[in-house]
Amino acid sequence: MALSRLGCCRGGLHGGLLGVGPVTVPASCLRRVLRAPEPAPAWRALRHPACCLSTKTNPKALLAAVISQFKYANGKYESFLERTFPRFYLLYSTFLKGFRTLFSEAKEIRRIKLNMSLQKIDFHQLPYREMERLRQFRRDLIKAIPIGLLSLPPFANYFVFLLMYLFPRQLLIRHFWTPKQQSEFLNIYHGMRREVYPELIDGLEQVTRFVADQQLRSQMQELCTQVQSGSHPEVAKLLAVRSLFTGHPLGLQRLRVWQVKALSRILFLTPHLPIFFLRYRLRSHMLELQHLDRAMLKLGVSELTEEEVKMACYVRGLNSTHLSPSECQKWLKQWVKLSCELKDSEVSLLAHSMVLMSTNYLGAKE
């Protein structure tokens with residue numbers, strides 16, 4: 001269009017020169033024709049490439065660009081929190097890591113359940129690590145269900161968040177504890193179950209006074225005296241009195257009510273239930289531990305990581321927070337040796353061994 005205008009102007013000039021008559025050309029017309037093209041607006045150069053994508057752009061490339069921008073903005077936000085609010089950032093990062101770990105474990109549990117269904121195998125036939133994941137995830141889920149129910153009413157989630165901040169030990173599962181809180185809370189829980197250790201040992205000594213077999217009675221009383229004096233018992237001495245824990249007086253179905261409640265507290269089970277239900281839960285949990293021990297023996301205690309060894313010891317009654325990995329591994333080997341020697345009908349001895357074997361082991365009293 002500019003060229004056509006220029007042609008018209010030149011034609012008018014030539015017409016004037018040839019005698020057709022003078023033609024006046026406006027100066028504004030010449031300026032518009034001869035001026036240089038204007039540069040593109042600066043804001044176009046600053047736009048993100050994702051904003052310039054057309055509707056025909058590959059959706060995967062668009063999604064990758066959006067995710068990249070989100071990660072960049074999230075990184076900036078986390079850096080700001082870490083510099084400005086370090087204490088809040090610690091809670092924020094712990095919760096974020098906890099949700100990621102929980103989501104990853106949920107996917108792993110789904111895979112394990114699917115394999116169990118396809119291969120038609122039971123819980124006790126699984127490898128040790130998969131069995132332990134299922135056991136721990138089930139306990140975490142039981143603890144998290146009440147919080148989920150409290151969050152259902154409108155606007156109740158804000159109140160629940162406040163409660164979780166004020167009472168993290170009681171309301172949060174282990175994924176949302178900071179490393180400092182994990183050590184602190186494990187010590188608190190062990191202190192709660194350790195309160196019943198002396199009571200349980202004294203009860204064992206009193207009950208065995210009425211055992212008819214003199215040899216078994218003296219062996220059991222000697223074992224209790226050894227633990228009360230601060231010594232750590234040998235596995236062979238525990239196995240020597242195993243017959244006392246199958247029927248009268250120390251079999252699981254013959255234990256007194258206070259003994260069943262004390263053992264339930266050691267396993268972190270609520271003692272405020274009917275006695276028949278407490279016996280059932282105690283038996284099922286001890287059989288579950290025994291299945292785990294047999295799977296652990298098949299895997300090998302030395303194949304476990306330091307964290308797995310410490311947690312396995314803690315679940316079985318030993319406060320492993322103050323012990324080295326080698327000390328925990330040594331104790332765990334003794335426990336597995338005892339557990340795999342016992343029959344299902346002798347799980348009462350295994351439950352009492354959580355007290356007898358952990359009371360005086362090295363620094364477990366701290």
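We're numbering straight along the sequence, starting at 1. Hydrogens, waters and symmetry mates are skipped; everything else that's a heavy atom, side chains included, is used.
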Check your understanding: Would one find more than 12 heavy atoms of other residues, nucleotides or ligands at under 6.0 Å from atom CD of Q170?
Key -> yes

Exercise for review: Could you check whether the rings of F268 and Y314 sit parallel, tilted or perpendicular, using 30° and 60° as the cut-offs?
Suggested key: parallel

Check your understanding: Would you call E307 and R174 a salt bridge, using N to O less than 4.0 angstrom?
Key -> no

Review point. Hey, does V309 have a side-chain heavy atom less than 4.5 Å from the side chain of P325?
Key: no

Exercise for review: Give a yes or no answer on whether the side chain of S117 reaches the backbone of K113 with a donor-acceptor pair at less than 3.5 Å.
Suggested key: no

Check your understanding: Is any side-chain heavy atom of M116 less than 4.5 Å from a side-chain heavy atom of L134?
Key -> yes

Review point. How many angstroms lie between atom OH of Y361 and atom CG of L323, to the nearest 0.5 angstrom?
Key: 7.0 Å

Review point. Counting heavy atoms not belonging to E306, are there more than 12 under 6.0 Å from its CD?
Key: no

Exercise for review: Indicate yes or no for a side-chain donor-acceptor contact from E132 to the backbone of A312 under 3.5 Å, with no hydrogens or angles considered.
Suggested key: no

Review point. Is the side chain of R194 donor-acceptor paired with the backbone N or O of H190 at a distance under 3.5 Å, no angle test?
Key: no

Review point. Are any side-chain N or O atoms of E346 and backbone N or O atoms of K343, one a donor and one an acceptor, separated by less than 3.5 Å?
Key: yes

Exercise for review: Please say whether more than 12 non-hydrogen atoms of neighbouring residues, nucleotides or ligands are located less than 6.0 Å from CZ in F123.
Suggested key: yes

Check your understanding: Given side chains that start at C-beta, do those of L250 and T208 come closer than 4.5 Å, heavy atoms only?
Key -> yes

Check your understanding: Just wondering, more than 12 heavy atoms not from K143 lying within 6.0 Å of its NZ?
Key -> yes

Point to revise | Backbone of V227 reached by a side-chain donor or acceptor of N360 within 3.5 Å | key: yes

**Study point:** Straight-line distance of L289 CG to S284 OG, nearest 0.5 Å
**Key:** 10.0 Å

Point to revise | Side chain S320, main chain C313, donor-acceptor under 3.5 Å | key: no

Study note, to complete from the structure: Of R138, R283, H124, R135, the one forming a side chain to side chain donor-acceptor pair (under 3.5 Å) with E288 is R138

Review point. Around E234, counting heavy atoms of other residues, nucleotides and ligands shown, do more than 12 lie under 6.0 Å from its CD?
Key: no

Check your understanding: Say you draw a straight line from CZ of R265 to CZ of R193; how long is it, rounded to the nearest 0.5 Å?
Key -> 12.0 Å

**Study point:** Contact check, side chains of M286 and L267, non-hydrogen atoms, under 4.5 Å
**Key:** yes

Exercise for review: Please determine if R169 and E184 form a salt bridge, counting it only when a charged side-chain N lies under 4.0 Å from a carboxylate O.
Suggested key: no

Exercise for review: Please test M357 against L338 for side chain to side chain contact (heavy atoms under 4.5 Å, CB included), starting from the C-alpha separation and ending with a verdict.
Suggested key: CA-CA 10 Å; M357 290 187 64; L338 171 68; 3.7 Å; yes

Practice item. May I have the step-by-step check of side chain to side chain contact (heavy atoms under 4.5 Å, CB included) for M220 and V207, ending in yes or no? Key: CA-CA 10 Å; M220 191 66 214; V207 170; over 6 Å; no

Exercise for review: Using a 4.5 Å cut-off on heavy atoms from C-beta on, say whether the side chain of Q221 contacts that of R209.
Suggested key: yes

Exercise for review: Show your reasoning for whether ring pair (Phe, Tyr, Trp, His ring centres under 6.0 Å) applies to H352 and F245.
Suggested key: CA-CA 9 Å; H352 284 87; F245 294 85; 5.4 Å; yes

**Study point:** Separation of H272 NE2 from S264 OG (nearest 0.5 Å)
**Key:** 10.5 Å

Check your understanding: How many angstroms lie between CD1 in I173 and CD in E105, if you round to the nearest 0.5 Å?
Key -> 8.0 Å

Check your understanding: How would you list, by chain and number, every residue that makes a ring-ring contact (aromatic ring centres under 6.0 Å, His included) with F185, sequence neighbours excluded?
Key -> W177

Check your understanding: Do S243 and L216 have side-chain heavy atoms sitting under 4.5 Å apart?
Key -> yes

Review point. If you measure from CD on E308 to SG on C328, what distance do you get to the nearest 0.5 Å?
Key: 13.0 Å

Review point. Does some side-chain heavy atom of L350 sit less than 4.5 Å from a side-chain heavy atom of W335?
Key: yes

Check your understanding: Do NZ/NE/NH1/NH2 and the carboxylate oxygens of R111 and E130 come within less than 4.0 Å?
Key -> yes

Review point. Yes or no on side chain to side chain contact (heavy atoms under 4.5 Å, CB included) for E341 and V235, after CA distance, side-chain angles and deciding distance?
Key: CA-CA 10 Å; E341 285 284 337; V235 174; over 6 Å; no

Practice item. Please tell me if the side chains of L304 and Y128 come closer than 4.5 Å, counting only heavy atoms from C-beta onward. Key: yes

